Amino acid sequence: MLDIQLLRSNIDEVAARLAARGYTLEVGAFNSLEAERKSLQTRMQELQSQRNSTSKQIGIAKKNGEDVSAIMAQVASLGDELKAAEDAFTTVQSRLDNWLLTIPNLPHESVPAGADESGNVEARRWGTPRAFDFEVKDHVDVGSPLGLDFETGAKLSGARFTVLRGQIAQLHRALAQFMLNTHTDKHGYSETYTPYIVNSDVLYGTGQLPKFAEDMFRVERGGEAAAQAQYLISTSEITMTNMVRESVLKHDELPLKFTAHSPCFRSEAGAYGRDTRGLIRQHQFDKVEMVQIAHPDHSFAALEEMVGHAEVILQALELPYRVVTLCTGDMGFGSHKTYDLEVWLPAQNTYREISSCSNMGDFQARRMMARFKDADGKNRYVHTLNGSGLAVGRTLVAVLENYQNADGSVTIPAVLRPYMGGRDKIGG
RNA sequence: GGAAGCGUGGCCGAGUGGUUUAAGGCAGCGGUCUUGAAAACCGCCGAAGGUGUGAGCCUUCCGUGAGUUCGAAUCUCACCGCUUCCGCCA
């Protein structure tokens, strides 16, 4: 959520910065709504003040044993008038609030301008794609004989669900274990296990709601409906970030660093026909996520650090990748600045997203009321960051493709072998 | 599923219809003292918002939401959460 003070004081600049990401801010609508709010609020508060002082007079008069009927008559009509004023104000205020929740974050000034993903800027590359002396298969053809079972997944749950069996399932688990161990042992993140079902309030906090409800899975309890709508998490960013909602942290406990391995559930409503083959785009996939709750002065350093933590995983797995700075037009709704990591997929002969690391600035913190007490005693919003470290399913895809052998076997990356009973390959 | 109790500022905690303008304590901040620190003592100190150049003034907030009342932390109803006991259960 943007700072409404900024909209009041500098709306043209805000509109210009949002235009860079392809969002048209309704300046006129805001100005008139805001003017209405201001007069209604002033009116309401005047009436409240009048009621308070009159009521106090009544209290004092009664205590002194005086006759209060004159004052009572004076205040008789106030109630209805006040109720009407409060209702009018509440209506306008909630329209304003609801509208504010739909406005995306401002891109940071260091974010390159661009309309869509073609405007993204490559920051660096690591590794050299392997030269194959046989015809490269994609992960579906490599994995299917080894335990990648799309038919059974579809039978159980429909398209975009998959069953993993045997050594593929173990490799998938090994990847998650390796990532989690690396982030906790080497990068200082605190391991976290969080709920997979969350209340809707939580999704307002991180920005999935109100705009992106169609991307989520909503769940129902048996029998009666839950008091508050509940959803399956689409990433553990949601739960880890919201752990600090409605709290005031001490400045010296920042940064907080959390990591979790969790399933992620996405309806992929807008992705019909895209990536229908294989594991790339699933309704359910696992991800190891990193979240940092940072001091505003240090959030950009934390972003660079976090990208590095994701890169460590790819380097340890010896998977070639590149780092891309997303342009203004390609960033997510709540992001202030985002780097994507793209891993080399030989069968597609291209780099594909495997991690996204973002500094959200105070955008989520303002929605969550997540604050810290600064050294001078003032409450300020924290900055929140999140990054995949990494998407486990897509990492499995990358390993299957990059480590495939001519005989149909797949070499196990050296760092994963301790998790695989010491074996150096599967299949073949 | 049944029964009872509880929910107050960063934390603890008093407060059962009218100067509550939420006591007191802890933590925090500033100061005195000290070579320095601790202790002691003194002072400041909840949050969100509105309005004003500003000192300030005003409003709201005691789990959430409705209601009763001129007036609600306090009374009523519903919901949420926590605790304890009983039952059931991986």
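For clarity, every value in this text was computed on a predicted model and none was experimentally measured. Residue numbers start from 1 in every chain, and the chains themselves are labelled A, B, ... in the order their sequence lines are given, proteins ahead of strands.
Listed by chain and number, the residues in a side-chain hydrogen bond (donor to acceptor under 3.5 Å, both in side chains) with A/Glu246 amount to none (sequence neighbours excluded).
If you look at A/His251 and A/Phe372, their ring centroids are not closer than 6.0 Å.
Residue-to-nucleotide proximity on RNA chain B shows that, of A/Tyr381 and A/Val248, the 5′-proximal contact is made by A/Val248.
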Q: Encode nucleotides 59-74 of chain B as B, S and - characters from 5' to 3', where the letter depends on protein heavy atoms closer than 4.0 Å: B to the base, S only to sugar-phosphate, - to neither.
A: SS---------BS---
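Rounded to whole Å, the distance from CD on A/Gln41 to C1' on B/A48 is 11 Å.
Not one N or O on the side chain of A/Thr276 forms a donor-acceptor pair closer than 3.5 Å with the backbone of A/Tyr272. Not a single donor-acceptor pair under 3.5 Å links the side chain of A/Ser355 to the backbone N or O of A/Leu390.
In this structure B/G46 sits in a base pair with B/C61, meeting the Watson-Crick or G-U test at under 3.5 Å. Nucleotide B/A73 is matched to nothing when pairs are restricted to Watson-Crick or G-U wobble geometry with both distances under 3.5 angstrom.
Going from the C1' atom of B/A14 to that of B/C86 covers 34 Å, rounded to whole Å.
If you check every strand for non-hydrogen atoms under 4.0 Å, A/Arg37 touches sugar and phosphate atoms only. Residue contacts shown for A/Arg371 are limited to sugar-phosphate atoms, with no base heavy atom under 4.0 Å away.
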Q.
As a quick check of understanding, evaluate ring pair (Phe, Tyr, Trp, His ring centres under 6.0 Å) for A/Phe300 and A/His383, giving each step before the final call.
A. CA-CA 10 Å; A/Phe300 277 96; A/His383 280 194; 7.5 Å; no
Q: Could you give me the CA-CA distance, side-chain angles and deciding distance for A/Phe333 and A/Phe212, then say whether ring pair (Phe, Tyr, Trp, His ring centres under 6.0 Å) is met?
A: CA-CA 10 Å; A/Phe333 175 73; A/Phe212 305 103; 5.3 Å; yes
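In this structure, the separation between CG on A/Leu254 and OG on A/Ser299 is 11.0 Å, given to the nearest 0.5 Å.
Proximity of residues 4-12 of chain A to RNA chain B (heavy atom under 4.0 angstrom from any strand atom) is restricted to A/Gln5, A/Arg8.
A side-chain donor from one of A/His261 and A/Asp286 sits under 3.5 Å from a side-chain acceptor of the other.
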